[in-house]
Asks: 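Below you will find the structure I want to go over with you.
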Protein chains: 2
Amino acid sequence: MPVTIIDVARKAGVSPSTVSRVISNNPRISKETADKVRRIMKELGYHPNEIAKSLVSKTTRTLGIILPRPADELFQNLFFSEVIRGIVAHASRSGYDLLMAAGTSGQEEVDAIARLVNGRRVDGIILLYSRRDDPLIAYLAERSFPFVLIGRSEQYPQVLSVDNDNVQAAYDATRHLIAQGHERIGFVSGPPNLIVSKDRMEGYVKALADAGLQADPEWIVEGEFLQESGYRAMSYFMNLPKRPTALVAIDDIVAFGVLRGLSELGFRVPRDLSIVGFNNLSLSELATPPLSSIDIGIYQIGYTASQTLIRAVREESGQLQPIIIPHKLVVRESSLPPADA
Amino acid sequence: MPVTIIDVARKAGVSPSTVSRVISNNPRISKETADKVRRIMKELGYHPNEIAKSLVSKTTRTLGIILPRPADELFQNLFFSEVIRGIVAHASRSGYDLLMAAGTSGQEEVDAIARLVNGRRVDGIILLYSRRDDPLIAYLAERSFPFVLIGRSEQYPQVLSVDNDNVQAAYDATRHLIAQGHERIGFVSGPPNLIVSKDRMEGYVKALADAGLQADPEWIVEGEFLQESGYRAMSYFMNLPKRPTALVAIDDIVAFGVLRGLSELGFRVPRDLSIVGFNNLSLSELATPPLSSIDIGIYQIGYTASQTLIRAVREESGQLQPIIIPHKLVVRESSLPPADA
DNA sequence: GCTGCTTACGCAATCGTTTGCACTCCAACC
DNA sequence: GGTTGGAGTGCAAACGATTGCGTAAGCAGC
């Protein structure tokens, strides 16, 4: 029913090949022919069938992104939308679309990726939330399918990746708290199988050590990237006989949970507890009190990931060194000395 | 290079047709043959080329979504991620993927949609942020391409759509404020070309009228779905000789801007100004004070939109009546009588 | 007038599937 | 023993493009 290249060719009195060459601006077509063909295309409202194109060109101008397991929970965190925002901004500027596929369970994630990769539906893939032993990375690396990792891989260091220096970032956050005079500093971590959890924990421990302080295992708790985790961590910490006076939270959303819990219990921030988070979500400055946070440049990460991947897809041989997006500490009220101090 | 259906056929000693029929579970294939073919497929690591499949089946098991103009700004609002969350949850459960395309300007939006539609890249399209005179709706409706609108259309009422009763929602919000004793109630609206702005405004005006109050045009301002708009609106209102005592904000994010501005100027909420927003973002309860909001069930909207669209794509003849997702008012501190009253 | 080079285009194969139709068996029936 | 009929497969066309190669026309050069 829709108009094909053959319809155009017939009406223009040329062969389909010629039309095809007009579309791809092949210089070997005379100007008159090209003009005529172009006119007919307009007239007929012709648009190339991208699927057919893909079949022969083996290319789709589409990037794929796999939504990590509980796609449901994922978006609760602004991190995700922010990184997608960056990806889409660059990709669309480069003429690429973004295909999102979700797997609901672990195995389904691999299935989802197999669908995209083997089904030739995408030219490259962006991987998120790299786990310490990630089957997706292995899958793609083995097939040498173009992909870029947001985060980093331990088993496959020689892989395109965009990341922060999370060790240093956590170091900076902790150091800042120490500089405020805190000596009892807790850490609310994320899922232990995520590399980012491990890295930030490492920076936290290192900062303490460098300051001659000791990381008390009692002051480290693990959770998810969810408010509830922060809430739980808060109630754990505040019930400790010897409470920390400051907290580093692995994510602002977790910090929000802490704040909510504290206010419910009547504690004041930063007087009773100072806190700094990660990601500097757009709402962090609206929290009560405004939340200090490490800005890791999420948008930039997404943007750069798309850039890197598209370069790789085009075989412009990207650098295999991980790309590190700089972070910066944004100090707000939640980690400053209390006004009445 | 990758293994095709022909490789499988050759190795199994059958024809490609047979392999294809095995894949689609055609009952006319004998069990032995099917088993053998399946074994070989595993052995060879065969995965069907979805592109080739799409070419002949004219179907892609993919839903498209067009990112409205300033894709950059868009995601700042949790509304977007939340609706996508709902879409992806349902779509992936039904075996559909989601393709996001962005246009940066008005014309590019139409181009983007043309690419998806005429390029046969998607089976259906989800449209967001319907404007009062939306070229995309016209484009799709004219081609009778399956699509569902999140929101509603004035020119094309006979179109699949998922929406709230925004008039009623705004009515409820305003009515709640009136019930608290407010008589001077302002409204911070959104872009006037969006239908949602118009609808909520209408409900606001109607609630006032029903209460015997008059909507003073001075107390209505327009803006974007951005914090800055709320901030500006706040400073406008608070400089009025005769200030409103309460505000309805078209979106929580706008309300956040108002809150921020008020706190900077030393005003207290709800004592100096009560406020209720829309969307009940996950962070609304974390605001200072916790923000009253109309919960419009964003996730549910996305979920239902996917459901409706997929049904339409499969020609299960969805209802053409707009589907209305119920809203509910969530009252929090920002619109309650001040504690010291 | 023949050769040889360009220019501008067409032919036909190809990409990896699906599917309508035809065909071959073989058992069952009269 | 010929006819039917169904079960199980294969042939080949089709989906809508791209592209290597071939070729006709035109012109220059000798």
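The chains referred to below are lettered A, B, ... by the order of the sequence lines, with proteins before strands, and numbering in each begins at 1. Since the model is a prediction, treat every value here as computed from it, not as a measurement.
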Asks: Identify which one of Leu127(B), Thr308(B), Leu128(B) satisfies the side-chain contact (heavy atoms from CB on, under 4.5 Å) criterion when paired with Ile150(B).
Replies: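 For Ile150(B), the side-chain contact (heavy atoms from CB on, under 4.5 Å) test succeeds with only one of Leu127(B), Thr308(B), Leu128(B), which is Leu128(B).
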Asks: Rounded to the nearest Å, what distance is computed from the CZ atom of residue Arg121(A) to the C1' atom of nucleotide dT17(C)?
Replies: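 Distance, rounded to whole Å: 15 Å.
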Asks: Under 4.0 Å, counting only non-hydrogen atoms across every strand here, what does Ser17(A) touch: a base, just sugar-phosphate, or nothing?
Replies: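 Result for Ser17(A) = base.
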Asks: With nearest nucleotide decided by heavy atoms, which residue, Tyr46(A) or Gly13(B), maps closer to the 5′ end of DNA chain D?
Replies: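 The residue closer to the strand's 5' end, by nearest nucleotide, is Gly13(B).
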Asks: Taking any heavy-atom pair under 4.0 Å as a contact, classify Ile29(A): base, sugar-phosphate, or nothing.
Replies: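 Touches sugar-phosphate only.
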Asks: Nucleotide by nucleotide, 5' to 3', does protein get under 4.0 Å of the base (B), only the sugar-phosphate (S), or neither (-) in nucleotides 23-28 of chain D, counting heavy atoms?
Replies: ------
Asks: Taking the nucleotide of DNA chain C with the nearest heavy atom to each, does Val14(A) or Ala52(A) sit closer to the 5' end?
Replies: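 This one resolves to Val14(A).
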Asks: Which nucleotide, dC9(C), dT17(C), dC11(D), lies nearest any side-chain atom of Thr4(B)?
Replies: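 Nearest to the side chain of Thr4(B) among the choices is dT17(C).
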Asks: Can a donor-acceptor pair be found between the side chains of Thr59(B) and Ser57(B) at a distance below 3.5 Å?
Replies: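 No, because no side-chain N or O of Thr59(B) sits under 3.5 Å from a partner of the opposite role on Ser57(B).
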Asks: What is the distance, to the nearest angstrom, from the CG atom on Asp7(B) to the C1' atom on dT17(C)?
Replies: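 So the CG-C1' distance, Asp7(B) to dT17(C), works out to 13 Å.
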Asks: Rounding to a whole Å, what distance do you find between Glu50(B):CD and dC15(C):P?
Replies: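 It is 19 Å, rounded to the nearest whole Å.
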Asks: Between P on dG16(D) and CD1 on Ile51(B), what's the gap in Å once rounded to a whole number?
Replies: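 Distance check: Ile51(B) CD1 to dG16(D) P gives 15 Å.
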Asks: Going by atom types only, do Thr60(A) and Arg121(B) share a side-chain donor-acceptor pair under 3.5 Å?
Replies: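 No pair is found: no donor N or O on one side chain lies under 3.5 Å from an acceptor on the other.
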Asks: Rounded to the Å, how far apart are Glu32(A) CD and dC9(C) P?
Replies: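 It is 8 Å, rounded to the nearest whole Å.
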Asks: In whole angstrom, give the distance that lies between atom NZ of Lys31(B) and atom P of dG8(D).
Replies: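 One finds 13 Å between P of dG8(D) and NZ of Lys31(B), rounded.
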Asks: Would you check if Ile5(A) and Ile23(A) make a side-chain contact, meaning some heavy-atom pair closer than 4.5 Å?
Replies: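 In short, these two side chains touch, coming nearer than 4.5 Å.
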Asks: Would you check, one step at a time, whether the test salt bridge (Lys or Arg N to Asp or Glu O under 4.0 Å) holds for Arg115(B) with Asp97(A)?
Replies: CA-CA 10 Å; Arg115(B) 270 207 331 275; Asp97(A) 295 321; 2.6 Å; yes
Asks: If you go through the side-chain atoms of Arg28(B), does one of them form a donor-acceptor pair with the base of dG6(D) closer than 3.5 Å?
Replies: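 No, no donor-acceptor pair under 3.5 Å.
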Asks: Using only heavy-atom distances, determine whether the side chains of Arg38(B) and Tyr46(B) contain a donor-acceptor pair under 3.5 Å.
Replies: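 Arg38(B) vs Tyr46(B): no donor-acceptor pair found between side chains.
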Asks: Is it the case that dG8(D) (base atoms only) and Arg21(B) (side chain only) share a donor and an acceptor within less than 3.5 Å, ignoring hydrogens and angles?
Replies: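 Side chain to base: no pair below 3.5 Å.
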Asks: Taking only the side-chain nitrogens and oxygens of Thr18(B), find out if one of them lies under 4.0 Å from OP1 or OP2 of dG10(D).
Replies: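 Indeed, a polar side-chain atom of Thr18(B) lies that close.
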Asks: Across the strands shown, which category fits Thr33(A) at heavy-atom distances under 4.0 angstrom: base, sugar-phosphate, nothing?
Replies: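 Counting heavy atoms under 4.0 Å across all strands, the contact made by Thr33(A) is with sugar-phosphate only.
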Asks: Is the phosphate of dG16(C) approached by Lys58(A) (side-chain N or O, under 4.0 Å from OP1 or OP2)?
Replies: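 Answer yes for this pair, as a side-chain N or O of Lys58(A) is under 4.0 Å from OP1 or OP2.
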Asks: Name the nucleic acid region contacted by Arg120(A), choosing base, sugar-phosphate or nothing; use a 4.0 angstrom heavy-atom cut-off, strictly under.
Replies: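 No contact.
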Asks: Quick one: is Ser57(A) getting a side-chain N or O under 4.0 Å of the dA17(D) phosphate, OP1 or OP2?
Replies: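 The answer is no; no side-chain N or O of Ser57(A) sits under 4.0 Å from OP1 or OP2.
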Asks: Going through the distances and angles, do Lys31(A) and Asp35(A) end up as a salt bridge (Lys or Arg N to Asp or Glu O under 4.0 Å)?
Replies: CA-CA 6 Å; Lys31(A) 183 148 174 10; Asp35(A) 284 348; 2.8 Å; yes
Asks: Measure the distance from CG on Asn118(A) to C1' on dT17(C) and round it to the nearest whole Å.
Replies: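 In whole Å, dT17(C) C1' and Asn118(A) CG are 16 Å from each other.
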Asks: Nearest to the Ser20(A) side chain among dG10(D), dT18(D), dT18(C), which nucleotide is it?
Replies: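 Nucleotide nearest to Ser20(A)'s side chain: dT18(D).
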Asks: Pairing donors with acceptors under 3.5 angstrom, does anything connect the side chains of Ser30(B) and Thr33(B)?
Replies: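 The answer is yes; a qualifying pair exists.
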Asks: Could you check how far NZ of Lys53(A) sits from C1' of dT18(D), rounded to whole Å?
Replies: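 Distance, rounded to whole Å: 10 Å.
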